[in-house]
Amino acid sequence: MAGTPSFYKTSLKDIEEQLAEVKKGEVSKIGFSAGGRPIYAVSYGEKEPIEHIANLSSALAAGQPEAFFGKEERKKQVMLIISAAHGGEMESIAATLNLISIMERGVDLKGNSWPKIKKLAEKMRIVIVPCLNVDGRARIPSDDPKTWTDYEREKYRHGLYPDGSPIGWPQCKVPHPRDPKQHAFLGGYFNDKGVNPIHGVFLPEEIAPETHIALKLALDETPDLVLDLHSCGAGPFFIVGNSSLPESFNRRQYYLDGFCRRMLSERLNIHRPWTVKGKERVITLDSAFYHVCGALPMLFEGSDGAHPRYPYSHEQIVDAYLTVIEGLITVGVKEGFKPSI
C-alpha cells in the first residue's frame, strides 16, 4: 500500500514469505483455524523436553510440582510469543516479523541492529506465533491500520451490525460466539465461527481451534513466560493483575511492567503515567496459560498510531514492541521470568 513502509509487513502472505526464508529457526505448522487456514510457529533455541507425569493442577495439589515441571531444572528460560489473537490488531504481526528478522539476520526489517535482543535471545528458547487469528486477519482487505478512518477501524476491529453501524468495544463481546451471518461485517476479533480466541477457553475445539492450539503449544513448550501481543489507540501498555493468578505472579507482572515502561521512556520517550489493571474475573486465554503450564502471562497492548494524542509512526510502533521484548528477555536471562509457584 502506498505510504506504508516496506518494513511494516502485516499480511498472511507476508508471514508465509518471511517464514519461507527462515534458516536459523524451525518453522512448524501447529494447526488450522476455524476457517481451515494454517497457523504457524517459528522457534529459536534448543528445546529441553519435559516429561509431565501429572497435569499442573494435580501436581500442585499433591505438593509435587516436579511431577509437572520435571525433576531437573531446564538450562534455558522459554518465552512464547502469541501475536494477533485479534486479527485486526496486525501491528503485532509487523513486530513479530521484525523480531524474526533480528533472530535470522541480526537486524530488523528497517536494517537496524538490536544487538541485545540477538545476544540474549541466544541464551533462551523463543517460540513465536506471528498470527494466531488468521481467519480474522484474512477478512481484512487492508494491511496498514494507520491509513484507516475511524469507521474503518471499528469495522475491521470489532465489526458492524446488520444496518452497517459499528458494534464497538466491549459490546462486541456479547453475544459470543457471534453469528457471522448476522453482521454487515464480522470484525477481525473473531475467527470464521464467530469466536474471539481470547474467550474461547471453554468453547469446543471445533469452533475455537485457535484457543486450543495456543494452549496445546503452551503445554508442549511449558514456557516460563507467554507474551500476548495486542494493540489499541491508547497503547503502549501492559494489562497486569488477575484474580485467577497467584499473588506472586501478579507482583511479578507489575515488576516487569515497570521495567519495560522505564525502557520505553528512556529509549523512545514514550511516557505512560498509568499501569492498567485487569478487570476481568474470569479465565481468559492469558490466565489459562498459567493454569495449563504454569507460565507467567503478560498481555501487551501496543499502539495502533491512531490516537490523536499519541500519533506514533510506523517505526515507533514497531520499536515499542521490540523494546518491550528486549526488556522482558533482559529480565528473563538475568533473573528468570516467573516467581516460584
Side-chain angles (χ1 to χ4, degrees), residues 1-4 8 10-13 32-37 39 83-94 131-204 206-211 228-235 239 276 278-282 284-286 299 301-312 317:
M1 179 177 290
T4 303
Y8 206 74
T10 70
S11 72
L12 297 183
K13 180 180 178 182
F32 292 89
S33 70
R37 298 177 176 87
I39 301 173
S83 173
H86 296 146
E89 299 173 15
M90 64 272 279
E91 292 82 2
S92 60
I93 298 176
C131 182
L132 181 64
N133 190 349
V134 290
D135 287 354
R137 179 63 191 91
R139 195 174 301 124
I140 301 171
S142 171
D143 296 339
D144 186 358
K146 278 184 66 65
T147 68
W148 297 350
T149 64
D150 290 342
Y151 180 79
E152 287 174 325
R153 186 167 294 103
E154 282 302 315
K155 172 183 176 179
Y156 294 145
R157 303 248 188 197
H158 306 125
L160 303 176
Y161 287 117
D163 65 0
S165 61
I167 297 172
W169 183 94
Q171 292 81 5
C172 62
K173 293 180 181 286
V174 175
H176 186 251
R178 302 191 77 89
D179 183 352
K181 297 178 182 179
Q182 299 299 314
H183 294 75
F185 186 88
L186 184 65
Y189 243 49
F190 308 98
N191 69 12
D192 281 358
K193 296 293 185 181
V195 170
N196 173 352
I198 295 298
H199 297 299
V201 175
F202 299 109
L203 294 176
E206 56 264 29
I207 65 169
E210 299 83 0
T211 306
D228 180 16
L229 297 178
H230 293 256
S231 62
C232 66
I239 299 178
V276 179
K279 298 178 181 178
E280 297 165 329
R281 296 182 177 274
V282 294
T284 65
L285 177 57
D286 291 285
L299 192 161
E301 292 274 0
S303 171
D304 64 13
H307 196 288
R309 290 179 58 191
Y310 314 116
Y312 297 123
I317 291 170

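Under a 3.5 Å cut-off, the side chain of Glu301 and the backbone N or O of Gly235 do not form any donor-acceptor pair. Side-chain atoms of Glu210 come within 3.5 Å of backbone N or O of Ala34 as a donor-acceptor pair. Between the side chain of Asp135 and the backbone N or O of Gly35, at least one donor-acceptor pair lies under 3.5 Å. Between the side chain of Asn133 and the backbone N or O of Ala85, at least one donor-acceptor pair lies under 3.5 Å. In terms of modelled atom types and a separation under 3.5 Å, the side chain of Ser92 and the main chain of His230 share no donor-acceptor contact. The backbone N or O of Asp143 lies less than 3.5 Å from a partner atom in the side chain of Thr10, making a donor-acceptor pair. Of the possible donor and acceptor atoms, none in the side chain of Lys146 sits under 3.5 Å from a partner among the backbone N and O of Thr4.
Side-chain contact between Leu186 and Pro180 is present, with heavy atoms from C-beta onward closer than 4.5 Å. Contact of the His176 side chain with the Leu203 side chain is registered, since non-hydrogen atoms from C-beta on lie closer than 4.5 Å. A 4.5 Å side-chain heavy-atom check between His183 and Ile167 finds at least one atom pair inside the cut-off. Between Pro166 and Tyr151 there is a side-chain heavy-atom pair separated by less than 4.5 Å.
Rounded to the nearest 0.5 angstrom, Ile198 CD1 and Thr284 OG1 are separated by 6.5 Å. Taking OG of Ser83 as the start and CG of Leu229 as the end, the distance is 5.5 Å to the nearest 0.5 Å. Atoms CZ and OH, on Phe185 and Tyr161 in that order, are 16.0 Å from each other to the nearest 0.5 Å. Note: Ser303 OG to Tyr310 OH = 10.0 Å, rounded to the nearest 0.5 Å. A distance of 8.0 Å separates CZ in Phe190 from NE2 in His158, rounded to the nearest 0.5 Å. Between atom CD1 of residue Ile140 and atom CG of residue Leu12 there is a gap of 10.0 Å, rounded to the nearest 0.5 Å.
Here the shortest heavy-atom pairing between Arg137 and Ser11 reads NH2-CA, 3.6 Å. The minimum heavy-atom distance linking Pro197 with Tyr189 is given by the pair CD-O, 3.5 Å. Shortest non-hydrogen contact noted between Pro209 and Ser33 is CG-C, 3.6 Å.
With sequence neighbours excluded, no residue forms a side-chain contact (heavy atoms from CB on, under 4.5 Å) with Pro311.
Annotation: salt bridge (Lys or Arg N to Asp or Glu O under 4.0 Å) contacts involving residues 178-195, sequence neighbours excluded, comprise Arg37-Asp192, Arg139-Asp192. Residue pairs meeting the salt bridge (Lys or Arg N to Asp or Glu O under 4.0 Å) criterion with at least one member in residues 154-163, sequence neighbours excluded: Glu91-Arg157, Arg157-Asp304.
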